[in-house]
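Worksheet: the structure to be examined is printed underneath.
Source: prediction; values computed, not measured.
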Amino acid sequence: MREETNPEDVEGMRAADGILTARGGMTSHAALVARGWGKCCIVGCDAVKINLEETSVTTDSYGKKKVNVSESNTVIIAGKTFHEGDLLSLNGSKGWVYDEEVKMINATENPLFQQFMKMVDKYRKMGVRTNADNPIDAQKAIDFGAEGIGLFRIEHMFYGENSEVPLEKLRNMILAETLDARVAALAELEPYVRESAKGTLKVMDGKPLTFRLMDPPLHEFVPQSEEKQREVAKARGIDFDKLHARIESLHEVNPMMGLRGVRLGIIYPEITEMQFRALFSATVELMKEGMHPMLEIMVPLTINAAELKHQKALADRVKKEVEAKYGVNFEYKFGTMIEIPRAALVANQIAEVAEFFSFGTNDLTQMTFGFSRDDVNAIVKTYVDEKIIPADPFHNFDTECVGELVKIGIERGRATRPVLKCGVCGEHGGDPTAAEFFYKAGMNYVSCSPFRVPVARLAAAQAAIKEARENK
């Protein structure tokens, strides 16, 4: 249980059976990580009050009052106090918290499920991929019927198991004060990115795998607490105040709209070059081993074609270098995420460079509504209760406006490139209520977490059946 989670909590989240946070929404850090791992999670439970300290007042023999502060680690939920070791049960689908242990059964597969999914795929026309960032999740998704990976978030290799060393290398790059120091740190980081990519490409042999270049703001990867900052300063042998000042300089007033995504690769092209080299090298090494990697590289947060041309020029140069080094020629697809309204409106221009679009509906919803996806819960609840909006747009896809941008993006993109492949990799990709819209809009595929793949396959089949009946 936490107020809200951040990347530094990942190992605790991995060890947990369930996750409960007081803040956050459908696309918050806790929700995204838990969904990808198939863990039960409830976010935005404002009834949760976490007490890390406990105060009491005592009076001495002279009548003087003294406030005592001690470690508490208690949690109050709806007025009831819980201590470490107390058992709670969570229903992630309903958002219910029980103050006792509830009997449960394992959601195991069975032959009837497999038989039913074969029936589903007879009718399904739209493809279903998965959002996965490691070989284990990729294999789970294949077992659930995924036909590829629509979103591999490179930055997730710095969050999970065995991430300590690559995270340290990444921090060296972020905290570097000169170009030479940054390039040297990137050279040390590249082998880890290459091996991470190679492991998942190997599992997906013969199936497309879309790698999204690093997207989050850099401050997310450096320690936030003074204690951890002091540990880093000591390990690096530098002055704490100097390190603290450098970390503070990374913070932005509105980081979700700041130096992230493609902007990071334009301001620091050496970061993009490292990622291209790692992905291309992983692909060629697997080809030399007799495998059939299907590499796709996706540039996030674009607003125009000029950004993509800038990044594509870097990719073309690095590709020639890798081909010369290994003596092997290879092909890959170069595309972008459409997650800013402007990108959808100029999709005809962007499609001159991009071979595929993947609609990031989390950010596209955030920027269309002007709602912060991590802080919107209280607003949205009131808006829904007062019937100002029909539903939480981060949970139920907004077909009226966000959907219109999606349709515009597809239509204008294909006006330039008729064979443009289009998919959706936001959380709405696993939303069965949105499947019919995406199908009719002309999506080639939807991509969702491994555990939602069967639901997406069923929803896609139902959309195709409904269309066939309507056309009779």
Would Glu467 and Asn471 count as a side-chain contact (heavy atoms from CB on, under 4.5 Å) if you check the C-alpha gap in whole Å, the side-chain angles of each, and the deciding distance to 0.1 Å?
CA-CA 6 Å; Glu467 180 188 54; Asn471 292 336; 3.5 Å; yes

Quick check: Phe280 with Tyr326 (ring centres under 6.0 Å apart)?
no

Do [X] and [Y] have side chains that get closer than 4.5 Å, going by heavy atoms?
X      : Y      : answer
Met443 : Phe359 : yes
Met157 : Val193 : yes
Leu301 : Arg263 : yes

Does [X] [atom1] have over 12 foreign heavy atoms under 6.0 Å away?
X      : atom1 : answer
Arg23  : CZ    : no
Met256 : CE    : yes
His219 : NE2   : yes
His251 : NE2   : yes
Gln115 : CD    : no
Lys39  : NZ    : yes
Tyr98  : OH    : yes

Which atom of [X] lies closest to which atom of [Y], heavy atoms considered:
X      : Y      : answer
Thr368 : Pro341 : OG1-CG, 3.9 Å
Ala146 : Lys207 : O-CE, 3.9 Å
Glu285 : Glu195 : OE1-OE2, 4.3 Å
Asn304 : Ile350 : C-CG1, 3.8 Å
Gly95  : Ile42  : C-CD1, 3.6 Å
Lys312 : Val353 : CB-CG1, 4.2 Å

Below 30° counts as parallel, above 60° as perpendicular, anything between as tilted: where do the rings of Tyr383 and Phe371 land?
perpendicular

Do the rings of Phe397 and His428 sit parallel, tilted or perpendicular, given the 30° and 60° boundaries?
perpendicular

Step-by-step side-chain contact (heavy atoms from CB on, under 4.5 Å) determination, Met337 to Arg212:
CA-CA 8 Å; Met337 284 185 82; Arg212 183 186 71 184; 3.3 Å; yes

Is it possible for you to check whether Lys319 lies under 6.0 Å from the centre of the six-membered ring of Phe330, through NZ or CZ, and within 45° of that ring's axis?
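Pair Lys319/Phe330 counts as cation-pi.
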
Donor-acceptor contact below 3.5 Å, side chain [X] vs main chain [Y]:
X      : Y      : value
Gln311 : Lys309 : no
Asp398 : Val402 : yes
Lys421 : Phe357 : no
Thr416 : Asn348 : yes
Arg153 : Met214 : no

Apply side-chain hydrogen bond (donor to acceptor under 3.5 Å, both in side chains) to the pair Arg452 and Thr130, showing each step before the final yes or no.
CA-CA 8 Å; Arg452 302 181 90 183; Thr130 190; over 6 Å; no

Are a donor atom and an acceptor atom from the side chains of [X] and [Y] found within less than 3.5 Å of each other?
X      : Y      : answer
Asn131 : Ser449 : no
Glu168 : Asn172 : no
Glu307 : Thr302 : no
Tyr332 : Glu296 : no

With Lys169 as reference, evaluate Glu164, Glu188, Glu190 under the salt bridge (charged side-chain N to carboxylate O under 4.0 Å, His left out) test and give the passing residue.
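For Lys169, the salt bridge (charged side-chain N to carboxylate O under 4.0 Å, His left out) test succeeds with only one of Glu164, Glu188, Glu190, which is Glu188.
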
Before you tell me yes or no, could you show the steps for Leu175 and Ile247 under side-chain contact (heavy atoms from CB on, under 4.5 Å), namely the whole-Å CA-CA distance, both residues' side-chain angles and the distance that decides it to 0.1 Å?
CA-CA 8 Å; Leu175 299 173; Ile247 290 175; 4.1 Å; yes

When you look at Thr272 and Met274, which way does the side-chain contact (heavy atoms from CB on, under 4.5 Å) test go after all the steps?
CA-CA 5 Å; Thr272 301; Met274 179 277 290; over 6 Å; no

From CA spacing to verdict: side-chain hydrogen bond (donor to acceptor under 3.5 Å, both in side chains), Tyr445, Glu147
CA-CA 9 Å; Tyr445 67 87; Glu147 299 161 320; over 6 Å; no

